[in-house]
Participant: 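I have a structure here, written as structure tokens, and I will follow up with some questions on it.
Everything numeric in this text was worked out from a predicted model, so none of it was measured. Whatever order the structure lists ligands and atoms in, that order sets their numbers, starting from 1.
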Amino acid sequence: MVESYKNKIIIVGCGPGLKAYISPKALYTIKKADILVGSRRLLKLFPGVDAEKILLEKNYRVLVKKIADWRFTKQVVILVSGDPCFFSYAKMIVKKMGRESCTIIPGISSIQLAFAAVGESWDDACFMSLHGRNNEYEKLVGRVREYGKVGILTDHKNTPAVIARQILKSGILERRMFICENLSLPEERISETDLVSAVNVKTSGSAVVIIKKY
Ligand SMILES: C[S@@+](CC[C@H](N)C(=O)[O-])C[C@H]1O[C@@H](n2cnc3c(N)ncnc32)[C@H](O)[C@@H]1O
């Protein structure tokens, strides 16, 4: 166990998908792990790492209790997609374990990559996630009305087309939509459209949407 990480759980940001986006510090920490916890996709990124690999699925509440014990004898590293401090289960882990028991190594967020892909700054943007959320359309419309740029995490239910439909329903028309699918992966696709056309856009895989005022 690296001395500075003694008794700590390390939460590592693994970036948007492509391994090249993972920082050297994150890779070093992953290589030193005794136990690696993560989704199937993230665990698969590290076939050569000689750690016990534990799949994180819907079992996370039970798992977090086990991790709380393991951390005193083993180096536990939890893999998170993108950046741990941006809409991830790191929030829940830190809340349950306490800030002093966790170390977070940042990663490149899908939202950073999306803004880079379309050449827009994100220092003047507002962000929200519709990933796994129900009926947050009022909040969505409020954000779009208030901010010139909104970065949104989507999912298979709250797709870019559904988002466009909800914004149009509120009477807002004058916005561009950037759709950033499967960022950094071989199936990456970046497109720009108006809201009316976006209603018919079919997407697949993970996507980030940026809504921008004309
Ligand atoms: C649970 S959130 C995790 C966000 C993550 N912590 C981050 O910083 O990117 C998952 C959502 O992130 C977005 N996402 C993650 N990876 C992506 C990728 N490679 N391309 C496009 N969107 C991605 C999608 O909106 C997906 O539904």
Participant: Would you mind telling me which of Asp34, Ile35, Ile9 makes a side-chain contact (heavy atoms from CB on, under 4.5 Å) with Trp70?
Facilitator: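 With Trp70 as partner, Asp34, Ile35, Ile9 yield a single side-chain contact (heavy atoms from CB on, under 4.5 Å), made by Ile35.
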Participant: Which protein heavy atom lies closest to atom 2 (S) of ligand 1, and at what distance to 0.1 Å?
Facilitator: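 The answer is Phe87 O, 3.7 Å.
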Participant: Is Phe115 reachable from Tyr147 through a run of hydrophobic residues whose side-chain heavy atoms are each under 4.5 Å from the next?
Facilitator: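 Unlinked, Tyr147 and Phe115 end up in two clusters.
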Participant: With atoms numbered from 1 as shown, which atoms in ligand 1 lie under 4.0 angstrom from a non-hydrogen atom of Cys180?
Facilitator: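 Selected atoms, number and element: 21 (C).
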Participant: Quick check on side-chain contact (heavy atoms from CB on, under 4.5 Å): which of Leu168, Leu173, Ile163 does Leu195 satisfy it with?
Facilitator: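 The option that passes is Leu168.
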Participant: Report, in ascending order of atom number, the atoms of ligand 1 lying under 4.0 Å from any heavy atom of Ser109.
Facilitator: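 Heavy-atom distances to Ser109 below 4.0 Å select 7 (C), 8 (O), 9 (O).
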Participant: Would you call the rings of Tyr60 and Tyr89 parallel, tilted or perpendicular if under 30° counts as parallel and over 60° as perpendicular?
Facilitator: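 The rings of Tyr60 and Tyr89 lie parallel, inter-plane angle below 30°.
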Participant: Is there a side-chain contact between Lys149 and Ser121, using heavy atoms and a 4.5 Å cut-off?
Facilitator: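 The answer is yes, as the side chains (C-beta and beyond) meet within the 4.5 Å cut-off.
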Participant: Nearest heavy atom to atom 27 (O) of ligand 1 wins, so pick from Ile179, Leu183, Thr154, Asn182.
Facilitator: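 Residue with the shortest heavy-atom distance to the ligand atom: Thr154.
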Participant: Which is it for Leu113 and ligand 1 at heavy atoms under 4.0 Å: side chain, backbone, both or neither?
Facilitator: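 The answer is neither.
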Participant: Looking at every heavy atom in both Pro84 and Gly107, which two are closest together, and how far apart are they?
Facilitator: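 Closest pair (atom of Pro84, atom of Gly107, distance): CD-N, 3.8 Å.
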Participant: Report yes if some N/O of Asp155 lies less than 3.5 Å from some N/O of ligand 1; otherwise report no.
Facilitator: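 Among all N and O atoms of Asp155, none is under 3.5 Å from an N or O of ligand 1.
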Participant: Could you state the interatomic distance from CZ (Phe127) to CZ (Phe87), rounded to the nearest 0.5 Å?
Facilitator: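 Going from CZ on Phe127 over to CZ on Phe87, the span is 9.5 Å.
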Participant: Tell me: protein heavy atom nearest atom 6 (N) of ligand 1, and distance?
Facilitator: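 Among all protein heavy atoms, the one nearest atom 6 (N) of ligand 1 is Phe86 O, 2.7 Å.
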Participant: Could you find the nearest protein heavy atom to atom 19 (N) of ligand 1 and give me its residue, atom name and distance?
Facilitator: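 Scanning the protein heavy atoms, the shortest distance from atom 19 (N) of ligand 1 goes to Pro16 O, 2.8 Å.
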Participant: Which of the listed options, Ser110, Ser206, Ala207, holds the heavy atom that is closest to atom 9 (O) of ligand 1?
Facilitator: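 The option holding the nearest heavy atom is Ser110.
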Participant: Taking the side chain as every heavy atom from C-beta outward, state whether Met177 and Ile210 have any atom pair closer than 4.5 Å.
Facilitator: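 With C-beta onward as the side chain, the pair stays apart.
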Participant: Only heavy atoms count here, so choose which of Glu181, Arg189, His131 is nearest to atom 10 (C) of ligand 1.
Facilitator: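 Among Glu181, Arg189, His131, the closest heavy atom to atom 10 (C) of ligand 1 belongs to His131.
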Participant: Starting from atom 5 (C) of ligand 1, what is the nearest protein heavy atom, named by residue and atom, and what distance separates them?
Facilitator: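 For atom 5 (C) of ligand 1, the nearest protein heavy atom comes out as Ser81 O, 3.3 Å.
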